[in-house]
Structure formats: structure tokens, C-alpha cells
Number of protein chains: 2
Amino acid sequence: MREGDAAPYVFNITTGSLRVYKLLPDGRRQITGFLFAGDFLGLAVGESYVFSAEAMEPSTVCRFRKGPFRALVAHSPPLEHLLLDRTYRELAAAQNQMLLLGRKTAIERMASFLFELPGYDPARPSAPGQVRLPMKRGDIADYLGLTVETVSRVLTRMKVKGLISIPSPNELIVERPERLRQHALGEV
Amino acid sequence: MREGDAAPYVFNITTGSLRVYKLLPDGRRQITGFLFAGDFLGLAVGESYVFSAEAMEPSTVCRFRKGPFRALVAHSPPLEHLLLDRTYRELAAAQNQMLLLGRKTAIERMASFLFELPGYDPARPSAPGQVRLPMKRGDIADYLGLTVETVSRVLTRMKVKGLISIPSPNELIVERPERLRQHALGEV
DNA sequence: CGGACCGTTGAAAGGTGTCAAGTTGCGTGG
DNA sequence: CCACGCAACTTGACACCTTTCAACGGTCCG
């Protein structure tokens with residue numbers, strides 16, 4: 001779906017992963033978030049979408065027409081409550097991302113990014129965790145407000161420091177979660 | 001209110017203006033938004049606030065205890081709908097801010113900022129508009145992901161170009177809205 | 001085998017940050 | 001009434017992190 005297009009549908013993701021982004025006229029892209037199974041898409045008010053979205057891998061979604069969906073929500077307080085709750089979480093995540101984009105260095109951004117991906121177990125803060133990266137380097141760069149080159153260089157630096165290892169371009173192992181977390185908070 | 005504190009209240013702003021922000025441990029600050037009369041504050045889920053907020057000038061708010069407020073919302077579908085709608089708008093604004101912080105240059109950020117302040121009349125796109133700046137340079141800098149020095153330099157550059165004029169530090173006149181808008185979109 | 005895409009690495013350029021100093025405006029107190 | 005101190009703002013010089021530009025190797029696939 002494209003920013004500016006008429007917005008007749010709401011989607012719920014069944015499988016796969018999507019990137020949500022906004023563009024400037026000259027092509028500069030900012031990815032505002034990645035979506036995975038269970039996430040909703042296209043809820044915003046208004047007649048047209050305010051952002052674009054694309055699948056990053058083969059994905060399936062459940063599509064609702066907006067009118068009936070709105071009616072359903074309006075008649076189901078629990079559902080509306082669920083949506084409100086999810087939207088608050090999304091807003092809190094957006095604020096964290098603003099902090100990242102406005103005030104963190106490249107390595108701090110990457111460290112923060114790795115912690116929000118599934119694969120980290122908060123119950124075992126120092127246990128290494130494996131992370132799947134369904135997105136390409138360019139997607140990570142446009143999500144973190146960097147260039148692909150910088151993303152690549154930062155990953156190399158982390159590898160050299162022993163913070164992570166990279167078995168393949170789409171897999172990453174966090175070797176030292178506690179030190180990576182310090183980086184994410186700018187405490188190094 | 002401070003990030004991390006217990007969150008027993010929800011606020012609605014009556015008069016004045018507030019800044020909402022997040023901090024890194026070393027003191028770096030990112031202002032995620034400015035709030036004005038009519039805006040809600042502290043709606044997010046959870047036991048504690050996920051950001052801090054301060055008044056920028058003498059302000060008054062209407063304070064609700066969270067429990068009763070939630071109950072009120074739950075029993076009033078129109079109210080919940082209103083909150084959901086506002087939150088979507090806030091989320092859309094946050095996505096625009098991510099684009100700004102991740103991909104725009106200093107002058108583009110400042111131009112974008114000036115357009116989201118009250119004082120611009122969309123019905124007369126080329127008419128000069130006066131803008132009140134209740135926040136200090138440091139607040140603008142922390143909102144745009146810049147430093148005070150860069151904010152000051154960009155304003156000077158805009159002044160030299162004839163895009164704006166600055167009668168006093170807290171007042172600003174947009175002289176060439178159409179050219180400023182081009183800057184905001186990176187079309188220069 | 002050739003080509004497209006992706007990721008990595010190097011060298012140089014540049015925009016913004018850092019550090020420092022100077023100016024202005026204003027409230028306070030002598 | 002004026003000197004003083006302070007905070008906010010501006011300006012300059014320089015440093016540095018990230019970007020830009022370029023080249024190279026690897027993988028997949030026609």
C-alpha cells in the first residue's frame with residue numbers, strides 16, 4: 001500500500017513481516033516500523049493512508065473493509081479497548097524511536113535495534129540470543145536513520161569487539177547482551 | 001511529571017504549553033512533542049509514565065485519577081472513540097517526526113517545525129504568518145535533534161535568505177511561506 | 001558463464017557538534 | 001538610577017562522526 005492512496009482496507013498480519021515507511025519527494029526514505037504476525041495495519045483515521053507498507057518476505061494478511069471494521073469496533077468495547085491499548089504501545093515505541101533518531105550515535109542505534117527484535121530473553125539477561133533479520137541492510141539503515149555503509153561498519157565494529165557474531169547476513173547472535181545493552185543506553 | 005514515576009493521573013491541558021521528553025542516562029534529551037490547550041497527557045497504559053513532561057510557561061491542567069478516568073472512558077464509547085482518534089493523529093505526527101529526525105537536514109527540520117506551529121493559514125499559502133515561540137532555543141534543538149548553536153545558525157541563514165524575520169527571540173514572522181514549504185519537503 | 005543484487009571496505013568530503021567568546025536583555029541590589 | 005550577575009542567544013574556529021563516492025567479492029539465477 002502507498003501513502004496517499006485511498007484507504008478502504010484495514011489489515012491484520014497472519015504470517016511474514018512488513019516494513020512501514022514514509023518518503024520525501026527526492027526519494028529519501030524513513031522506515032517507521034516493522035510489523036510481524038498479529039500486528040494491525042491501516043487503522044489511522046482519514047480517507048487515505050499516511051504511510052506506505054511493503055512485505056519484506058512472502059507474507060499473508062487478513063483484509064477487512066474499513067466501514068464494516070469500524071462498525072464492528074464501535075459495537076465491541078473490548079475490541080476498541082484492545083486497539084486503543086495497542087496504539088498506545090505503538091506510540092510509546094515511536095517516542096523511543098524519536099529518542100534514538102534524534103540523540104543516539106550509530107552504534108547506540110544498532111544496539112537498541114537488536115534489543116527490540118525477538119530473540120532476547122529478559123529472564124536471562126546475560127544469555128546469548130539468536131536474532132533473525134528478515135530485512136536487508138538498506139532497511140535497517142532507513143529504520144535507524146543511517147546509510148547502508150554505516151550499518152555495515154557498525155556491525156563489523158560490534159563483531160570485532162566480540163559483542164555479536166554474524167553466521168549469515170540474515171542471522172545474528174548477540175554474544176554479550178549486557179554490554180550491548182549498555183551501548184543501547186549510551187553508557188559507554 | 002517524570003518518566004518512571006508512578007502514574008496515577010491523567011491530565012487535560014486548560015491553558016499554557018508543555019514539553020514532553022525522554023532522557024538518556026547521560027542527560028541527552030529528546031523532546032517528543034509540545035502540548036497546548038485541549039491536549040491530553042498521561043494516557044499511556046502501564047503503571048508508570050513512559051516519558052517526562054514540564055510546563056514551558058505558567059499553565060493550568062485538569063487532573064483526573066486514572067482509575068475513575070478509565071472507568072469513565074470504558075462506559076462512554078464516544079469518549080473512547082475520541083481518544084482513539086486523537087491517539088491515531090498523535091501516532092501519525094510521531095511518524096512524521098521520525099522522518100524529520102532520520103532523514104532531514106537542519107534547515108529542512110526547522111522549516112518543517114515552523115509549519116506545524118499555529119500561525120500559518122493554509123487558506124492563504126503565500127501570506128506571511130506570525131508565529132509565537134513559547135519554547136526556548138534549547139527546546140527547539142532537543143525537539144529537532146540538533147544543538148542550540150545549529151538552531152541559531154539555521155535561523156540566521158533563513159533570515160539572511162529573507163525567508164523569515166525575527167522581531168524578538170520568542171516571535172517569528174514567516175515572510176515566504178511557499179519557499180519555506182519547499183525547504184520543509186527537501187525540494188531545494 | 002554473465003549479470004544483478006547484496007554486503008563490505010577504503011578514502012575523502014561535508015554537515016553538524018564541540019568549545020569558546022561575545023552580545024543582549026532583564027531582574028536584583030547597592 | 002546604575003552596576004552587577006545571570007541566562008539566553010549568537011557567532012566563530014575547529015573537530016569529528018557520518019555520508020558520499022568508489023571499488024571489490026560473494027551469491028543467486030537465468
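Throughout, protein chains are lettered first and strands after them, A, B, ... in sequence-line order, and every chain is numbered starting at 1.
Between B:L144 atom CG and C:dG17 atom C1' the separation is 15 Å, expressed in whole Å. Atoms CE (B:M56) and C1' (D:dA8) sit 16 Å apart, rounded to a whole Å. For B:L133 and D:dT10, the CG to P distance is 11 Å, given to the nearest whole Å. Between A:N170 atom CG and D:dC28 atom C1' there is a gap of 13 Å when expressed in whole angstrom units. A:R137 places its CZ atom 7 Å from the C1' atom of C:dG7, with the value rounded to the nearest Å. The nearest whole Å value for the distance from the CG atom in B:L172 to the C1' atom in D:dC9 is 14 Å. Distance, B:M110 CE to D:dC9 C1': 13 Å, rounded to whole Å. Between B:M158 atom CE and D:dC9 atom P the separation is 17 Å, expressed in whole Å.
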- line: Heavy-atom contacts, protein to nucleotides 11-27 of chain D, under 4.0 Å, summarised as B (base), S (sugar-phosphate only) or - (none) per nt, yield BBB----SBBB------
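Proximity of the aromatic rings of A:Y143 and A:F34 is defined here by a centroid distance below 6.0 angstrom, and this criterion is met.
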For residues 67-79 of chain B, which side-chain donor-acceptor pairs fall under 3.5 Å, sequence neighbours excluded?
{"residue": "B:R70", "atom": "NH2", "partner": "B:L43", "partner atom": "O", "Å": "3.1"}
{"residue": "B:H75", "atom": "ND1", "partner": "B:A71", "partner atom": "O", "Å": "2.9"}
{"residue": "B:S76", "atom": "OG", "partner": "B:L79", "partner atom": "N", "Å": "3.3"}

Only pairs under 3.5 Å count here: list side-chain donor-acceptor contacts from residues 157-167 of chain B, not counting sequence neighbours, and write none if there are none.
{"residue": "B:S165", "atom": "OG", "partner": "B:E175", "partner atom": "OE2", "Å": "2.8"}

Under 3.5 Å donor-acceptor pairs involving side-chain atoms of residues 14-26 of chain B, not counting sequence neighbours:
{"residue": "B:T15", "atom": "OG1", "partner": "B:T60", "partner atom": "N", "Å": "3.4"}
{"residue": "B:T15", "atom": "OG1", "partner": "B:T60", "partner atom": "OG1", "Å": "2.7"}
{"residue": "B:S17", "atom": "OG", "partner": "B:E57", "partner atom": "OE2", "Å": "2.5"}
{"residue": "B:R19", "atom": "NE", "partner": "B:E54", "partner atom": "OE1", "Å": "2.8"}
{"residue": "B:R19", "atom": "NH1", "partner": "B:D139", "partner atom": "OD1", "Å": "3.3"}
{"residue": "B:R19", "atom": "NH1", "partner": "B:D139", "partner atom": "OD2", "Å": "2.9"}
{"residue": "B:R19", "atom": "NH2", "partner": "B:E54", "partner atom": "OE1", "Å": "2.7"}
{"residue": "B:Y21", "atom": "OH", "partner": "B:R2", "partner atom": "NH1", "Å": "2.5"}
{"residue": "B:Y21", "atom": "OH", "partner": "B:E54", "partner atom": "OE2", "Å": "2.8"}
{"residue": "B:K22", "atom": "NZ", "partner": "A:N96", "partner atom": "OD1", "Å": "3.2"}
{"residue": "B:K22", "atom": "NZ", "partner": "B:E3", "partner atom": "OE2", "Å": "3.3"}
{"residue": "B:K22", "atom": "NZ", "partner": "B:V50", "partner atom": "O", "Å": "2.8"}
{"residue": "B:D26", "atom": "OD1", "partner": "B:R28", "partner atom": "N", "Å": "3.2"}
{"residue": "B:D26", "atom": "OD1", "partner": "B:R28", "partner atom": "NE", "Å": "3.2"}
{"residue": "B:D26", "atom": "OD2", "partner": "B:R28", "partner atom": "NE", "Å": "3.0"}
{"residue": "B:D26", "atom": "OD2", "partner": "B:R28", "partner atom": "NH2", "Å": "3.1"}

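Taking B:T87 as the reference, A:L84, A:T87, A:Y88, A:L91 meet the side-chain contact (heavy atoms from CB on, under 4.5 Å) condition, with sequence neighbours excluded.
For residues 39-50 of chain B, no residue pair satisfies the side chain to side chain donor-acceptor pair (under 3.5 Å) rule, not counting sequence neighbours.
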